[in-house]
There are 2 protein chains.
Amino acid sequence: MESQDLRKAGLKVTLPRVKVLEILEKTKQRHMSAEDVYKALLESGEEIGLATVYRVLTQFEDAGLVSRLSIDGGHAVFELEDGSHHDHLLCVKCNRIEEFVDEVIEQRQKAIALEKGFDMTDHSLYIYGICRHCQ
Amino acid sequence: MESQDLRKAGLKVTLPRVKVLEILEKTKQRHMSAEDVYKALLESGEEIGLATVYRVLTQFEDAGLVSRLSIDGGHAVFELEDGSHHDHLLCVKCNRIEEFVDEVIEQRQKAIALEKGFDMTDHSLYIYGICRHCQ
DNA sequence: AATATAAATGAAAACCTTTCTCATTTACAG
DNA sequence: CTGTAAATGAGAAAGGTTTTCATTTATATT
């Protein structure tokens, strides 16, 4: 029941918000740009403006419902937040995105921040390469 | 003697290229956006177009004279290449940028790419936080 | 159920960084 | 010194994202 998630997040239950959340949950492709979400909405017969899609995704990010990936150069990509922190591998040929978790890297990052006197708030790690399929 | 560096890189020695290189070498701030470089040029009395600054920086990147950092969301930042690979720590308050190298992380990244069947071409790692000065 | 009101939306314009176009200028090989 | 390919400047265009503002909608209140 998406409307509960929205209410919990302090957001009014509006048609655009419900439909964007549905798209994110139902689409097989886990990583979607605002444009991807917008097109999926059109295909499912919903006439929701692109500006609203951007607004809703940003609100979802603020509410912790989705994460935004800021990939090298291009546009932002969103993924449903499932509580599990992870980093990403990106195929530079087909744009496939894979996820990974590495505790060693997580620990080293914390240690480095500490060494440098930084109070770490976040980090972003992307490994770029050519995936199995594209080699 | 910058003109030698340019010639070695296979670039004609033109005023804009010499001046951009000078700015990158003389400015205390190691990390500069295209706009920063453009403004510095104006301040030093050079009338070089912004489009040229972008072109020159991209050529320098291709030639290996500078590296381009693609920081979260915003604009690109350039730094003179000194041959040493390193990653970055960014202060989310004052935008200070610090550098670090960590062999453990480097190795783990390679291992993860291998595991996932990726032929790694590059990676980007940024640690965000609040620096000593801003805490 | 009707209403008031603060919030959300759509459409288009604005924004920002970066790239492109094209006429003009420049570097440098011959 | 001259010819030619390459580089430049100015402005337009591109591409993703945000803002503006009039209109619509959700929901708290009668």
Side-chain angles (χ1 to χ4, degrees), chain A residues 1-23 31-42 44-63 65-78 95, chain B residues 1-23 31-42 44-63 65-78 95:
Chain A
M1 178 113 289
E2 285 96 359
S3 41
Q4 290 314 313
D5 296 335
L6 293 173
R7 259 188 266 273
K8 267 190 244 165
L11 298 169
K12 280 196 200 172
V13 179
T14 64
L15 193 138
R17 304 217 258 234
V18 170
K19 291 300 174 188
V20 168
L21 200 45
E22 272 183 24
I23 294 291
H31 300 95
M32 302 183 82
S33 68
E35 193 74 34
D36 290 338
V37 172
Y38 175 64
K39 282 183 190 150
L41 286 167
L42 289 187
S44 68
E46 300 297 334
E47 303 250 327
I48 293 172
L50 182 56
T52 299
V53 172
Y54 274 102
R55 270 188 294 237
V56 168
L57 287 170
T58 301
Q59 292 156 351
F60 283 5
E61 187 191 10
D62 293 344
L65 295 174
V66 306
S67 311
R68 178 192 303 254
L69 312 192
S70 297
I71 293 170
D72 213 8
H75 43 210
V77 172
F78 300 84
N95 297 315
Chain B
M1 179 114 289
E2 286 95 359
S3 40
Q4 291 313 314
D5 297 334
L6 292 174
R7 261 188 264 274
K8 266 189 246 168
L11 296 169
K12 281 197 199 170
V13 179
T14 64
L15 194 138
R17 304 217 259 232
V18 171
K19 292 300 175 190
V20 169
L21 201 45
E22 274 182 25
I23 293 290
H31 300 94
M32 302 183 82
S33 67
E35 192 75 33
D36 290 339
V37 172
Y38 175 64
K39 283 185 190 149
L41 287 167
L42 288 187
S44 68
E46 301 297 335
E47 303 251 325
I48 293 172
L50 181 57
T52 299
V53 173
Y54 273 103
R55 270 187 295 239
V56 168
L57 288 170
T58 302
Q59 292 155 353
F60 284 6
E61 187 191 10
D62 293 343
L65 295 173
V66 306
S67 311
R68 178 193 300 257
L69 314 192
S70 296
I71 292 170
D72 213 9
H75 42 209
V77 172
F78 299 85
N95 297 316

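Everything numeric in this text was worked out from a predicted model, so none of it was measured. Chain letters run A, B, ... following the sequence lines, proteins first and then strands; every chain starts at 1.
From B/Leu65, atom CG reaches atom CG of B/Leu6 across 7.0 Å, with rounding to the nearest 0.5 Å. Atom CD of residue A/Gln59 and atom CG of residue A/Leu11 lie 6.0 Å apart, to the nearest 0.5 angstrom. The structure places CG of B/Asp36 at 11.5 Å from NE2 of B/His31, a figure rounded to the nearest 0.5 Å.
Contact check for B/Val18 versus B/Glu22: side-chain heavy atoms found under the 4.5 Å cut-off. Side-chain contact check for A/Tyr38 versus A/Val20: every heavy-atom pair is 4.5 Å or farther apart. A heavy-atom distance below 4.5 Å is not found between the side chains of B/Phe78 and B/Val37.
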Report, as a single string ordered 5' to 3', how protein heavy atoms within less than 4.0 Å touch nucleotides 23-30 of chain C: B base, S sugar-phosphate only, - not at all.
----BS--

Letter per nucleotide, 5' to 3', of nucleotides 17-22 of chain C [B base touched, S only sugar-phosphate touched, - untouched; heavy atoms, 4.0 Å]
SBBBB-

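Applying the side-chain hydrogen bond (donor to acceptor under 3.5 Å, both in side chains) criterion to B/Thr58, with sequence neighbours excluded, gives B/Arg68. Under the side-chain hydrogen bond (donor to acceptor under 3.5 Å, both in side chains) criterion, B/Ser44 pairs with no residue at all, not counting sequence neighbours. Under the side chain to side chain contact (heavy atoms under 4.5 Å, CB included) criterion, B/Lys39 pairs with B/Glu35, not counting sequence neighbours. Considering only residues two or more places apart in sequence or on other chains, B/Arg7 meets the side chain to side chain contact (heavy atoms under 4.5 Å, CB included) condition with B/Ser3, B/Gln4, B/Val13.
Between A/Leu57 atom CG and C/dA8 atom C1' there is a gap of 15 Å when expressed in whole angstrom units. Nucleotide D/dT17 holds its C1' atom 15 Å from the CD atom of A/Gln59, rounded to whole Å. Regarding A/Asp62, its CG atom lies at a distance of 16 Å from the P atom of C/dA7, rounded to whole Å. Rounded to whole angstrom, the span from the CD1 atom of A/Ile71 across to the C1' atom of D/dG15 amounts to 16 Å. Here the C1' atom of nucleotide D/dA7 and the CZ atom of B/Phe60 are 13 Å apart, to the nearest Å. Rounded to a whole Å, the CD1 atom of A/Ile48 is 15 Å from the C1' atom of C/dA11. One atom, OH of A/Tyr38, and another, C1' of D/dT17, lie 14 Å apart when rounded to the nearest Å. Rounded to whole Å, the distance from CG on A/Leu6 to P on D/dT25 is 18 Å.
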Side-chain polar contacts of residues 45-55 of chain B - donor-acceptor pairs under 3.5 angstrom, sequence neighbours left out - could you list them?
residue: B/Thr52; atom: OG1; partner: B/Arg55; partner atom: NH2; Å: 3.3

Under 3.5 Å, which N/O atoms of the protein pair with N/O atoms of nucleotides 13-15 of chain C?
none

